[in-house]
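Working notes, beginning with the structure itself.
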There are 2 protein chains.
Amino acid sequence: MSGAQLSDHTVTKHTIHEVARRAKVSITTVSRTINTPSLVDPATAKRVSAAIEELKYYPDTHARSLVSGRSRILGLIVSDITNPFFPELVQGFEDIATRQGYDVLVSSTNYDSARMTLSVRRMLERKVEGVAVMTSEMDDHLIEQFARRSVPMVFLDVGTPGEHISNIVVDYAMGVNEAVAHLVGLGHRRIGFVSGPQDLLSAQARRGAFVRSIEAYGIASDGRLIVQGDHKVTGGLDAMNRLLKLPERPTAVLASNDLTAVGMMRAVRLAGLVVPRDISIVGFDDIWLAEFTEPPLTTVRLSRRELAEKACGALIAGLSAAPRPREYGIETHLVIRESTCPA
Amino acid sequence: MSGAQLSDHTVTKHTIHEVARRAKVSITTVSRTINTPSLVDPATAKRVSAAIEELKYYPDTHARSLVSGRSRILGLIVSDITNPFFPELVQGFEDIATRQGYDVLVSSTNYDSARMTLSVRRMLERKVEGVAVMTSEMDDHLIEQFARRSVPMVFLDVGTPGEHISNIVVDYAMGVNEAVAHLVGLGHRRIGFVSGPQDLLSAQARRGAFVRSIEAYGIASDGRLIVQGDHKVTGGLDAMNRLLKLPERPTAVLASNDLTAVGMMRAVRLAGLVVPRDISIVGFDDIWLAEFTEPPLTTVRLSRRELAEKACGALIAGLSAAPRPREYGIETHLVIRESTCPA
DNA sequence: GCGCCGCATGTAAACGTTTTCATGAATATA
DNA sequence: TATATTCATGAAAACGTTTACATGCGGCGC
């Protein structure tokens, strides 16, 4: 009988009232069993839990958020989810957030400020309880919108900790120094650098660290050896081509990120040269791909897991009133593979 | 004065009531100006809009969802966001969803069924209006939970369209045929295949397509030439090593996905051979990386953009009562680069 | 001039929780 | 024994919307 079939599939809306009726208590008690079990008699709690189990009841998030003012959502803004650096970050962030009972609203802005504005708008509407901004296109106007609502924020390298703002500062200099030391130790003196987009603060930091490091080794930094990329493969390819055309080409080149290095390696091969015999290459980030390029890439590791942990941790800490650190440091270290060899 | 400063930052909660008061209308009228402008006098609407603008008011999503029963959230479940195939899919999906006013809750299950159960639970709690399942670890029990609530679902290749279920069927055979034709045309006869994990339906489909295609060309399919990978780089590497140890090794090998192909190429090089001179390799998916491997990878393209569009489209169509297609087809096509050459 | 209809607007009831406050019972304190 | 204190529970208000229903008003056909 189709009527019977239909009612098989019909679901009574399982609200807190149903549970209450079933357990013969008030809805208040049900709510308490879920949220503050210490306030309810163990025997009653058991009865309520049984009813919940039976009905497969779970509270309506919207109703809950409406009255409690807490959405249990965290926002995560990245610049380009297509860059292998970010999925790992997203994954780690989600892991941790989920474990703490938070859901994550991810947004990839594609370096586009209109998109960014839209993301912020959406996050505001969903009343996120915290936002991690892992990109630099965030303008003050948008920051203010979160600040105004006392939403904790955490930034990467952007560096103005404040009431609700934490900052993660990556020690780029550390890894870059290790890389330069490694190269110098191998006898390299003409060392080039392919930077990222100049408006990206983290890219600026990487470049700055390189210049300082080079000079620390008594090598006069040569402007012609520093060319601009875009943190993508094609940018690295173009940049390396320019470097190769130099009258005196570098014997080693550092990249601002691994994608850039991949493009650079391709440019070298296209020029009929081989890495590392003719030119050594060092990347930055240590994305999974670095292990599988040809040859495997020597690179500076920036742990995504650690980044995710600190970012998420900062946000969740920011939700409690307790005093908390406003700055989190992250180290970077050289990982030596096969894209470098003596000059 | 600190008091003054403080009040600078104080925000009055901008509710619909504030707007109403400001525009001298009832909250109903405000609601209507936002949701069904046709029902309100243009002059009034203008006044209301002005008030909204002034207060930078936007409706509270939770309250809205609570009463309307619509969350404006779509769920997207992928198996591994770390696989470059998926970020592009996620990006496309988000683009489209956002444009339609939906937010997206992304979940990467890492091939782990416990995680999957958790994701489903979270999505149910957030009352997603539709779920796209781009992985095969979905068991019937979980599917039923969505079905019970009439949540539209769309699957990839899993193939049991129903009341609320749409299915996207990828024409793997098409691309695989093109690849085999290409190889046979180049004179290859001993053609190998590295499959994906066997419990993945899409991997099974790819393998099946290969076997049928080979036979269509009158080549007896040789079991030893088909070895199993895991859709990751390392699996491809191992698999290719096994293939290379064969008394009569294949002159060309198809991979079940590009990551596998990357591993295979590495194995070939490690064995002191060169692609494509000694062995031709064809990938599957055409992830961005395929263009930048050494040599650039000949592969079968499966458009992520199209996949995202169809998946998202199916969900949104499923929300209206109108009859809609239950099956969406996607073609695949060979992209010839430099990892293949005459036998 | 009367009833009717459509239009613009408003009133009030939901939606499903959390939370404040009140109540009664049981236990400890004097 | 009378009074305070804790403990377990419940009643009802609030959260900020949408929406079903009601109202008043001007125009139209007759």
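Below, chains carry the letters A, B, ... as their sequence lines are ordered, and counting in each starts from 1. All values derive from a computational prediction rather than experimental measurement.
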Next on the checklist: Need one value for Thr44(A): base, sugar-phosphate or nothing, where a base atom within 4.0 Å counts as base even if backbone is also close, heavy atoms only.
Outcome noted: sugar-phosphate
Checklist entry - Are any of Ser26(A)'s side-chain N or O atoms less than 4.0 Å away from OP1 or OP2 of dT9(D)? => result no
Checklist outcome for this item: note: Arg32(B), atom CZ; dG10(C), atom C1'; distance rounded to Å ~ 8 Å
Checklist entry - If only side-chain N and O atoms of Ser68(A) are considered, is one of them under 4.0 Å from the OP1 or OP2 phosphate oxygen of dT18(C)? => result no
Checklist entry - Which is true for Thr28(A) with a 4.0 Å heavy-atom rule: it touches a base, it touches only sugar-phosphate, or it touches nothing? => result base
Checklist entry - Whole-Å distance between dT9(D) C1' and Ile16(A) CD1? => result 14 Å
Checklist entry - What is the nucleic acid contact for His17(A), judged by heavy atoms within less than 4.0 Å: base, sugar-phosphate only, or nothing? => result base
Next on the checklist: Is it the case that the side chains of Glu125(A) and Thr61(B) hold a donor-acceptor pair, with the cut-off being a distance below 3.5 Å and no angle test?
Outcome noted: no
Checklist entry - How far apart are the C-alpha atoms of Leu200(A) and Tyr111(A), what are their side-chain angles, what is the distance that settles it, and do they pass the side-chain contact (heavy atoms from CB on, under 4.5 Å) test? => result CA-CA 10 Å; Leu200(A) 225 124; Tyr111(A) 305 102; 3.8 Å; yes
Checklist entry - Which part of the nucleic acid does Ser31(A) contact within heavy-atom distance under 4.0 Å: base, sugar-phosphate only, or nothing? => result base
Item to check | Nucleotide dG16(C), atom P - distance to CZ of Arg70(A) in whole Å | outcome: 23 Å
Next on the checklist: Could you tell me how far apart Arg47(A) (CZ) and dA8(D) (P) are, to the nearest whole angstrom?
Outcome noted: 14 Å
Checklist entry - Taking atom C1' of dC21(D) as reference, at what distance in whole Å does atom CG of Leu39(B) sit? => result 14 Å
Checklist entry - When the distance from CD1 of Ile34(B) to C1' of dT19(D) is rounded to whole Å, what number comes out? => result 14 Å
Next on the checklist: Using heavy-atom distances to pick each residue's nearest nucleotide on DNA chain C, tell me which of Ala63(A) and Ala45(B) is more 5'.
Outcome noted: Ala45(B)
Item to check | Ionic contact status for Lys46(B) with Asp41(B), cut-off 4.0 Å | outcome: no
Checklist entry - Is the closest side-chain donor-acceptor distance between Asn110(A) and Gln91(B) under 3.5 Å? => result yes
Item to check | Comparing Ser38(B) and Val67(B) on DNA chain C - which has the more 5′ nearest nucleotide | outcome: Ser38(B)
